[in-house]
Amino acid sequence: METAARTAPATVIVAIDGPSGTGKSSTSKAVAAKLGLSYLDTGAQYRAITWWMLSNGVDIHDAAAVATASEKPVIVSGTDPAAPTIAVDGADAAGPIRTQEVTGAVSAVSAVPEVRARLTELQRSTAAAAERGIVVEGRDIGTTVLPDADLKIFLTASPEARAARRSGELKGKDATDLASTREALVKRDAADSGRKTSPLAKADDAVEVDTTELTLEQVIECVVTLVEEKRTA
Ligand code: DC
């Protein structure tokens, strides 16, 4: 019989995947902040490399050109959940990576295997360097980037709920029309799920959380509890 208390692991790696509009970013940041962990938004990195391609005249539909250029931009992510940052070649890219132009181009760029290989390596080294552990959010974190993560979460929500959340986020900036937001989301999900290299997918050992009927606070609480359970297991 095991009587001695087990030592809690020094670090904890949490992978949070799922389509857009499921509350991934808000949840991941809040969970990391509550637990004193680092935070990495891998979607921001795919957006950053896409922005660089667009800014440097690379035809994003020419996979060979994207592959050749993929080594060039220097992408640096700041992992403080209270103030995450993203820089490309030393310049702050937080604003430009959220434009409709980048959103419309990111699936094509992120389908290129060389882009994925480059960013996967960067993401793994960032996770390895996080002293207390890290929450990493994306589409292929549990399946490909960090298959040995201590906890894998897959967030889902109905397309209607996701479109409503996204429209709220975009209000005053770009599209506010719910139907077109829903259409764009579904199209991007189909591209992200259908690509050959590490598509958006739930890992077999991931815990699926349907956020359709939950508040953000409830989702955060649920994930924090799951992490605490892992830490003390
Ligand atoms: O999370 P987001 O919407 O900012 O992500 C932008 C795009 O980046 C998304 O359409 C798919 C891609 N992505 C990816 O292919 N793999 C990841 N790990 C994260 C994002």
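Computed from a predicted structure; not experimentally measured. We use all heavy atoms of the structure for the numbers below, so side chains are in, but hydrogens, waters and symmetry mates are not. Atoms within each ligand, like the ligands themselves, are counted from 1 in listed order.
- Side chain of R124 to main chain of V145: a donor-acceptor pair is present (N/O by atom type, distance under 3.5 Å, no hydrogens or angles).
- Of the inter-residue distances, the one linking R231 atom CZ with T11 atom OG1 reads 9.0 Å to the nearest 0.5 angstrom.
- We find the OG1-CG distance between T22 and L185 to be 10.0 Å, quoted to the nearest 0.5 Å.
- Interface atoms of ligand 1 facing R139, defined by a heavy-atom separation under 4.0 Å, are 1 (O), 2 (P), 3 (O), 5 (O), 9 (C), 10 (O), 13 (N), 14 (C), 16 (N), 17 (C), 18 (N), 19 (C), 20 (C).
- For atom 19 (C) of ligand 1, the closest non-hydrogen atom on the protein side is T42 OG1, 3.4 Å.
- At least one donor-acceptor pair closer than 3.5 Å links the side chain of T212 to the backbone N or O of S158.
- Of the protein's non-hydrogen atoms, D192 OD2, 3.2 Å is the one closest to atom 11 (C) of ligand 1.
- Looking at atom 12 (C) of ligand 1, its nearest protein heavy atom turns out to be S110 OG, 3.7 Å.
- Scanning the protein heavy atoms around atom 18 (N) of ligand 1, the nearest turns out to be D140 OD1, 2.8 Å.
- Only the side chain of R47 comes within 4.0 Å of ligand 1, judged by heavy-atom distances.
- The environment of E208 atom CD is dense: over 12 non-hydrogen atoms of other residues, nucleotides or ligands sit within 6.0 angstrom.
- Nearest non-hydrogen protein atom to atom 20 (C) of ligand 1 is G43 CA, 3.5 Å.
- Ionic pairing of R98 and D41 is present here: one or more N-O contacts between side-chain nitrogen and carboxylate oxygen are shorter than 4.0 angstrom.
- For CD of Q218, the number of neighbouring non-hydrogen atoms (other residues, nucleotides, ligands) closer than 6.0 Å is greater than 12.
- Listed by number with element, the atoms of ligand 1 under 4.0 angstrom from any heavy atom of G138 are 18 (N), 19 (C).
- Assignment of R116 to the shell around ligand 1 is supported, since a heavy atom sits closer than 4.0 Å.
- Using a 4.0 Å cut-off to heavy atoms of V106, the atoms of ligand 1 that qualify are 7 (C), 8 (O), 10 (O).
- Residue contact annotation: R195 has a non-hydrogen atom under 4.0 Å from ligand 1.
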